[in-house]
Asker: 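Here it is, the structure, as structure tokens.
Every chain is numbered from 1 and lettered A, B, ... according to where its sequence line falls, protein lines coming before strand lines. Only heavy atoms go into these numbers, but all of them, side chains included; no hydrogens, no water, no symmetry mates.
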2 protein chains.
Amino acid sequence: MDAVRAVERLTRSIEDFNSVFIRLPASDRLSFSALSVLHTLSRLGPCRLSDLVGTEQIKQPALTSAVAKLERDGLIERRPDPCDGRASMLSLTADGQSIVSRRHADRAERLRSLIDRLSPADRTRLLSIAGVLDQIVQLASEHGEKPDERSGK
Amino acid sequence: MDAVRAVERLTRSIEDFNSVFIRLPASDRLSFSALSVLHTLSRLGPCRLSDLVGTEQIKQPALTSAVAKLERDGLIERRPDPCDGRASMLSLTADGQSIVSRRHADRAERLRSLIDRLSPADRTRLLSIAGVLDQIVQLASEHGEKPDERSGK
DNA sequence: GAAACTATATTGATCTTCGATCTAACTCTG
DNA sequence: CAGAGTTAGATCGAAGATCAATATAGTTTC
């Protein structure tokens, strides 16, 4: 089972890499959950609160208050959903988008400065892995990949 | 500036990948910060609270209470530091280690099931990237990479 | 051994989260 | 189209996490 070993090893490397890459947020006076909401809205585009319940790792009441705070802070906007009187469509404001973009740019810049110090061969290998990662994401969204049902209850 | 573009692209792919990979914890009734403390202790081995202040994204008082809770839960242990009467050495208990290991195993398993569906060539490319990631981590720890000083104040 | 420093604990205020419930709006069935 | 059931989201109260500021106790320096 050397294949298992290799995945093991990769998993560990990614875990360590993420300690560097994520550099757990803490910025902007926004909680981790709030940042995650902004990020999701940026990727998915406008969506409803209940869509976020599926993607975020917090429950609906917490999401309601997170969204309320983000709206007070002027980072997201809500407008009535024309198709469903109960729902609102949430979207990023320019300020909200700029926070997401800024964080993305910071990560890219840190990554760039590290990648610059790799050997040309390794640099090429790493940069060319993006497409494979995208495939993994694609596979994960196709396959079940439910929001982790096994947790107690 | 196509190099910048490539890093840009990789950064985005990693961000998306991490949404799949991390699957924000939520497990075991432990907060994200508490899990991070366990993970760090597992990687660094026994260390003092002030060492964790450097690696974790929370401030010392929050760390004190996180550590207190983890100790109450029997996941970490503290014994007096023989060299310094003010400090204690913190270390994982068997239970604490097993939570870290379990989470690692879960991630590896999910990753394995996704990697299995890649083409053999892509699978090989992805698995072989571990060493490059390790180098990045190494580079980051050499270079300054301070705990993100630019945040206000 | 007093002053300065360091490691951690405590305090009080604020924010986050959750479970349980509530309301309003939608959908269906007959 | 009425009433039953369902869904989207809000609210409430309690528990936990976080922070800034400060307190305490051990250490080092001169």
Asker: Could you measure the distance from the CG atom of B:Leu92 to the CD1 atom of B:Ile99? Nearest 0.5 Å is fine.
Answerer: 9.5 Å

Asker: Quickly work out the A:Lys59 NZ to D:dA8 C1' distance and round it to whole Å.
Answerer: 17 Å

Asker: Set out, line by line, the N/O atom pairs under 3.5 Å between protein and nucleotides 24-28 of chain D.
Answerer:
residue: D:dG26; atom: O3'; partner: B:Gly85; partner atom: N; Å: 3.4
residue: D:dG26; atom: N2; partner: B:Arg86; partner atom: NH1; Å: 3.0
residue: D:dT27; atom: OP1; partner: B:Gly85; partner atom: N; Å: 2.7

Asker: Nearest whole angstrom, please: distance from the C1' of C:dA7 to the CZ of B:Arg48.
Answerer: 7 Å

Asker: Test side-chain contact (heavy atoms from CB on, under 4.5 Å) on A:Asp134 and B:Arg9 and set out the steps.
Answerer: CA-CA 10 Å; A:Asp134 293 346; B:Arg9 160 84 195 285; 2.7 Å; yes

Asker: Among the candidates D:dT18, C:dG19, D:dG9, find the nucleotide nearest to the side-chain atoms of B:Ile58.
Answerer: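 So the nucleotide nearest the side chain must be D:dT18.
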
Asker: Could you check B:Pro61 against B:Ala66 and say which one's nearest nucleotide on DNA chain D is further toward the 5' end?
Answerer: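 This one resolves to B:Ala66.
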
Asker: Check every strand shown and say whether B:Ser65 touches a base, only sugar-phosphate, or nothing at a heavy-atom separation below 4.0 Å.
Answerer: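 Base contact - B:Ser65 has a heavy atom under 4.0 Å of at least one base atom.
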
Asker: Are B:Asp106 and B:Arg110 within salt-bridge range, i.e. N to O under 4.0 Å?
Answerer: no

Asker: D:dA8 base to A:Gln60 side chain: any donor-acceptor pair below 3.5 Å?
Answerer: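 Checked by distance alone, the answer is no.
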
Asker: Quick one: B:Phe32 CZ to C:dT17 P, roughly how many Å, whole number?
Answerer: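 To the nearest whole Å, that distance equals 12 Å.
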
Asker: Return whichever of A:Arg72 or B:Met89 has its heavy-atom-nearest nucleotide of DNA chain C closer to the 5' end.
Answerer: B:Met89

Asker: Indicate yes or no: does B:Glu15 engage B:Arg12 in a salt bridge with an N to O separation below 4.0 Å.
Answerer: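 B:Arg12 and B:Glu15: not salt-bridged.
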
Asker: Ignoring the backbone of B:Lys69, work out which of D:dA17, D:dA10, C:dC18 is nearest its side chain.
Answerer: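 Of all the options, the side chain of B:Lys69 is nearest to D:dA17.
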
Asker: Find the distance A:Asp81:CG to C:dC26:C1' and express it as a whole number of Å.
Answerer: 12 Å

Asker: Under the side-chain contact (heavy atoms from CB on, under 4.5 Å) test against B:Leu70, which residue among B:Leu35, B:Thr93, B:Leu41, B:Leu30 passes?
Answerer: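 The passing option is B:Leu30.
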
Asker: With a 4.0 Å cut-off, would you call B:Asp2 and B:Arg5 a salt bridge?
Answerer: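 Salt bridge: no.
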
Asker: Quick one: B:Asp51 CG to C:dT8 P, roughly how many Å, whole number?
Answerer: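 The answer, rounded to whole Å, is 8 Å.
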
Asker: Rounding to a whole Å, what distance do you find between B:Arg29:CZ and C:dT17:C1'?
Answerer: 11 Å

Asker: Any base atoms under 4.0 Å from A:Thr64, or only sugar-phosphate, or nothing? Heavy atoms, all strands.
Answerer: base

Asker: Measuring to OP1 and OP2 of D:dA10, would you say a side-chain N or O of A:Arg78 lies under 4.0 angstrom away?
Answerer: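 Result: yes.
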
Asker: Rounded to the nearest Å, what distance is computed from the CG atom of residue A:Leu35 to the P atom of nucleotide C:dT16?
Answerer: 11 Å

Asker: CG of B:Leu49 versus C1' of C:dT6: gap in Å, rounded?
Answerer: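 Rounding to the nearest Å, CG of B:Leu49 and C1' of C:dT6 are 13 Å apart.
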
Asker: With nearest nucleotide decided by heavy atoms, which residue, A:Ser33 or B:Ser50, maps closer to the 5′ end of DNA chain C?
Answerer: B:Ser50

Asker: Are the side chains of B:Ile22 and A:Ile22 in touch, meaning some heavy atoms are under 4.5 Å apart?
Answerer: yes

